[in-house]
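Structure record follows, encoded as structure tokens.
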Amino acid sequence: MKLRNTVIQQQDATRIREILARFLGESGADAALLIDRGGQLLAMDGVSQALDAVSISALAAAAFSSTAAMAQLLGEPEFSVLFHEGTKHSIHVSTVDDEAILLAIFDERTTVGMVRLFASEASRAVGGVLGETRARPKPPGEFAAPLSETESRPAWTPPS
Amino acid sequence: MSVINYANRVIDFKIVYYGPGMAGKTANLQYIHRSLPNSNRGNLISLATGDDRTIYFDFLPVSALTVRGFQTRFQLYTVPGQVQYDATRRLVLRGADGLVFVADSQFDRLRENVESLRNLEANLREYESTLDEIPYVLQYNKRDLPNLAPVTYLEFVLNRRASRVPFFEASAIKGKGVFDTLNTVSRMALASEFGGKRERRDEAS
């Protein structure tokens with residue numbers, strides 16, 4: 001499958017945020033992360049500053065890809081849900097579409113059944129927004145001109 | 001693939017360090033992690049075996065320049081080099097915006113380098129991609145060790161596509177060449193987003 005770049009415009013981000021907020025309200029989950037299957041974080045809601053969302057995204061995408069590979073070994077197209085149960089916090093990861101997954105973090109104030117139910121609805125809704133986003137060409141704007149010499153300077157300086 | 005987010009004005013890129021086992025991919029990320037201030041990098045996550053061989057991947061997010069109002073960030077990954085972890089390498093490769101092929105410069109590792117490069121090309125085909133489409137650079141690592149193949153020979157064996165790519169001599173464990181490699185591949189990935197064509201070796205040096 002040929003992968004595409006993702007361009008999230010302001011209006012896309014607002015719609016995704018609304019869907020994630022509604023999902024959190026209905027399911028009782030604490031946080032929701034929308035993640036590209038390559039490991040990039042696309043959007044999130046309810047995430048505390050203490051949570052390393054970038055690392056969680058990379059690890060969740062990898063874990064979900066691994067289970068997909070296991071599913072294929074069993075002749076299944078995919079395991080559509082991944083669930084990790086902890087003593088205080090649990091994680092539920094589910095398919096959005098071929099290019100994204102939805103991760104929810106929740107505790108004992110709700111149940112995996114509730115999270116699963118509303119994650120399915122939220123995934124359909126957010127998948128629709130992502131579909132529109134990917135179908136749209138990248139707006140030229142800031143990206144039209146090649147990088148200048150200054151913009152091409154080394155980003156990091158090695159320690160001396 | 002890159003993610004451009006207008007809401008928070010961020011562009012995220014994924015860079016994958018590929019190469020045979022024990023070539024120094026993890027050493028690159030460890031040196032970057034040690035060298036950058038906390039404000040410019042996140043946590044280094046290593047999924048390794050008890051004897052420090054990478055079993056899944058290493059992961060290090062780093063932030064870079066702000067370009068035209070967009071903060072640029074790069075997620076650095078390594079793949080497990082050992083032959084038997086091919087399925088894992090393929091998964092980590094998904095969505096890469098830039099590649100660093102870390103070769104082991106020792107003469108007796110030439111075969112492993114070639115096999116790993118072929119494996120990279122095969123795994124890219126799974127994503128309907130090729131090395132001609134993704135910015136990539138070569139790093140000839142372990143230049144501090146004895147029994148080295150000359151760089152000209154490594155170039156002849158590993159950098160022989162129609163368009164040659166930038167290469168760097170390195171000793172990743174000591175930090176030599178690590179940031180030259182990172183700065184170049186990140187600049188190439190960034191340039192590919194801004195209407196610029198992919199840089200070749202002559203332009204990058």
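For A:Q40, the part sitting under 4.5 Å from any heavy atom of chain B is the side chain, from C-beta outward, and nothing else. Heavy atoms of B:F74 lying under 4.5 Å from chain A belong exclusively to its side chain. Only the backbone of B:S63 has a heavy atom closer than 4.5 Å to any heavy atom of chain A. The part of B:D97 that comes within reach of chain A is its side chain, from C-beta onward, which places non-hydrogen atoms under 4.5 angstrom from that chain. Within the 4.5 angstrom heavy-atom criterion, atoms from both the backbone and the side chain of B:L190 approach chain A. No part of B:L60 comes within reach of chain A, as not one of its non-hydrogen atoms sits under 4.5 angstrom from that chain. Residue contact with chain A, scored on non-hydrogen atoms closer than 4.5 Å, is absent for B:L93. Within the 4.5 angstrom heavy-atom criterion, no atom of A:T14 approaches chain B. With a threshold of 4.5 angstrom between heavy atoms, B:Y6 approaches chain A through its backbone and through its side chain. For A:R37, the parts lying under 4.5 angstrom from a heavy atom of chain B are both the backbone and the side chain. Using a 4.5 Å cut-off between heavy atoms, B:I32 does not touch chain A at all. Only the side chain of B:V67 comes within contact range of chain A, with at least one heavy atom under 4.5 Å from a heavy atom of that chain. Interface remark: B:R41 contributes no atoms to any contact with chain A (heavy atom separation under 4.5 Å).
When each of A:E142, A:R17, A:Q11 is scored by its heavy-atom pairs under 4.5 Å with chain B, the top score falls to A:E142. Per-residue heavy-atom pair counts under 4.5 Å with chain B were compared for A:A13, A:S66, A:A69, and the maximum is reached by A:S66. Taking chain A as the reference chain and counting heavy-atom pairs below 4.5 Å, the highest number among B:V178, B:L47, B:L182 is found for B:L182. The candidate from B:R34, B:R9, B:R90 with the greatest count of non-hydrogen atom pairs under 4.5 Å with chain A is B:R9.
Taking all atoms of both residues into account, the shortest heavy-atom contact from B:Y56 to A:A63 is OH-N, 4.5 Å. Considering all non-hydrogen atoms of both residues, B:F57 and A:L59 come closest at CZ-CD2, 3.9 Å. The shortest heavy-atom contact between A:A58 and B:Y77 is CB-OH, 3.3 Å.
Here the CD atom belonging to A:Q10 is positioned 8.5 Å from the CG atom belonging to B:N5, to the nearest 0.5 angstrom. Atom OG of residue B:S186 and atom CH2 of residue A:W156 lie 4.0 Å apart, to the nearest 0.5 angstrom. Going from atom OG of A:S152 over to atom CE of B:M188 covers 12.0 Å, rounded to the nearest 0.5 Å. To the nearest 0.5 Å, the span separating CD1 on B:I45 from CD1 on A:I56 amounts to 8.0 Å.
The neighbour count for A:H84 NE2, taken as heavy atoms of other residues, nucleotides or ligands under 6.0 Å away, is above 12. Around CG of B:L65, the count of heavy atoms belonging to other residues, nucleotides or ligands within 6.0 Å exceeds 12. Atom OH of B:Y153 is surrounded by 12 or fewer heavy atoms from other residues, nucleotides or ligands within 6.0 Å. Counting heavy atoms of neighbouring residues, nucleotides and ligands inside a 6.0 Å radius, atom CZ of A:R116 does not exceed 12 of them.
A:F143 and B:F194 have tilted rings, their planes meeting at an angle from 30° to 60° on a 0 to 90° scale.
Without hydrogens or angle criteria, B:K14 side chain to A:G39 main chain gives no donor-acceptor distance under 3.5 Å.
Under the 4.5 Å side-chain criterion, counting only non-hydrogen atoms from C-beta, B:F59 is in contact with A:S55.
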(request) Check the pair B:D12, A:L41 against side-chain contact (heavy atoms from CB on, under 4.5 Å), reporting the backbone distance first and the verdict last. (result) CA-CA 9 Å; B:D12 283 307; A:L41 178 62; 5.9 Å; no

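Only one option out of A:D36, A:T6, A:N5 pairs with B:S2 in a side-chain hydrogen bond (donor to acceptor under 3.5 Å, both in side chains); it is A:N5.
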